[in-house]
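Notes to accompany the following structure.
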Protein chains: 2
Amino acid sequence: MKNCEELTFPKEIKRTKQREEIFRILSEETEPVSAVDIYNRLIQTCGNSNFAISTVYRALGIFEEKGYVSKSTLMGGDMAYYEWNFGTHKHYAICLKCHKLIALKKCPFEHTKIETENDDFVITGHKLELYGYCKECRVEGEDI
Amino acid sequence: MKNCEELTFPKEIKRTKQREEIFRILSEETEPVSAVDIYNRLIQTCGNSNFAISTVYRALGIFEEKGYVSKSTLMGGDMAYYEWNFGTHKHYAICLKCHKLIALKKCPFEHTKIETENDDFVITGHKLELYGYCKECRVEGEDI
DNA sequence: CTTACTGCAAAGGATTTGCAGACTA
DNA sequence: TAGTCTGCAAATCCTTTGCAGTAAG
């Protein structure tokens, strides 16, 4: 599932212990994670101290700015989620009941042309989220 | 542009002065607005006092709960935006430079079937945002 | 009259920032 | 060594909540 075989820390970003750890977590992760998620894993893995949540945010900011990480706010969006850009971008279906994420087989826009109101817009990226109910929640739940 | 000719305050929601004002603002608006936007217009229109931001959030919560308003977090998402559901749902292209919103002609998924990883997901809704550059920002900006 | 809604102020959570010390190149 | 990065704590911003008073049906 992980496609991080040849994934190395970006040369253009200054290496520090903290950033390397954050990079490792992101590169091992296949789903979007929040800054707090990352922080919790850090203090889990690397001992309880020696990490600040602000460092996580700052590192994520750098990674995002350089295009290595994409930030998004899934579902109502109380907090931001981050994921490493592995080259291929992903979309998710999000279960409204259990909040599980299910990746789409492929991007529905690969071969689709999208038109804006006046066609005077150059599209460089997009974000798509599907909402609904996963198998488990559909079976047990008749209150849909 | 406004399609609120026959738009009236929902019968199932208790009428109050405040909710009517909030409803009015939402129904006159053609683009998503934040709770703070609404609050500012309220104190602009209706005098400076007599309105609390919490009332705005609570009213929006009710409207959303009953399905009259949809809430979303556009673009990185520092705050939530709300818009009245006029029957037809809308998607936007968002300029990365000036943050202008441009509505799509039509929903790209109207006739498209989307497949999830295992097809065990019932899709009830979706959210799509396009990013790029509008005409103005493209012309002046060569730093794209 | 009863219940629900409001304003106020305080709390909450996520994210950012200032600053002095620590680390990287 | 110079400049950047870090931890800490405080600050911000958006949003929610508790409570006592007020308004709606």
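Everything quoted here is computed from the prediction, not taken from an experiment. Any value given below was found using the heavy atoms of this structure, including those in side chains, with hydrogens, waters and symmetry copies removed. Here is how names work: the chains are called A, B, and so on, in the same order as the sequence lines, proteins then strands, and each is numbered from 1.
Note: NZ (Lys11(B)) to P (dA24(D)) measures 20 Å, nearest angstrom. In this structure, OH of Tyr39(B) is placed 16 Å from P of dT16(D), rounded to the nearest angstrom. Taking atom CZ of residue Phe51(B) and atom P of nucleotide dA9(C), one finds them 17 Å apart after rounding to whole Å. Look at OH on Tyr81(A): it is 15 Å from P on dG13(C), rounded to the nearest Å. Distance, Glu20(B) CD to dA23(D) P: 15 Å, rounded to whole Å. Rounded to an integer number of Å, the gap from Ile53(B) CD1 to dG18(D) P is 19 Å. Across the protein-nucleic acid pair, Leu60(A) atom CG and dC5(D) atom C1' stand 15 Å apart, rounded to whole Å. Atom pair Asp37(A):CG and dA14(C):C1' shows a separation of 13 Å (rounding to whole Å applied).
The phosphate of dA23(D) has neither OP1 nor OP2 within less than 4.0 Å of any side-chain N or O from Gln18(B). Dashed line: the shortest gap from a side-chain N or O of Thr16(B) to OP1 or OP2 of dT6(C) is under 4.0 Å. For the OP1/OP2 pair of dT16(C) and a distance below 4.0 Å, the side-chain nitrogens and oxygens of Tyr57(A) include no atom meeting the criterion. Taking side-chain N and O atoms only, Arg19(B) has a distance below 4.0 Å to OP1 or OP2 of dT6(C).
Cluster membership for Leu60(A) and Ile13(A), using ILVMFWY side-chain heavy atoms within less than 4.5 angstrom, is shared.
With dG7(D), dT24(C), dG7(C) as the choices, the nucleotide that has an atom nearest any side-chain atom of Lys14(A) turns out to be dT24(C). Closest approach to the Lys17(B) side chain among dT15(C), dT17(C), dA24(D) is made by dA24(D) (side chain taken as heavy atoms from C-beta onward).
Partners of Arg41(B) under the salt bridge (Lys or Arg N to Asp or Glu O under 4.0 Å) rule, at least two apart in sequence or in another chain, are Glu29(B).
You'll find the side chain of Tyr39(A) stays beyond 4.5 Å of the side chain of Ser34(A), heavy atoms only.
Using modelled atom types, no side-chain atom of Thr55(A) and backbone atom of Phe51(A) make a donor-acceptor pair closer than 3.5 Å.
Between Tyr68(B) and Trp84(B), the ring-plane angle classifies as parallel under the 30° and 60° cut-offs.
Applying the 3.5 Å distance criterion, the base of dC5(D) shares no donor-acceptor pair with the side chain of Thr55(A).
Nearest-nucleotide positions on DNA chain D for Ile62(A) and Ser54(A) put Ile62(A) closer to the 5' end.
Within the 4.0 angstrom heavy-atom criterion, base atoms lie near Arg58(B).
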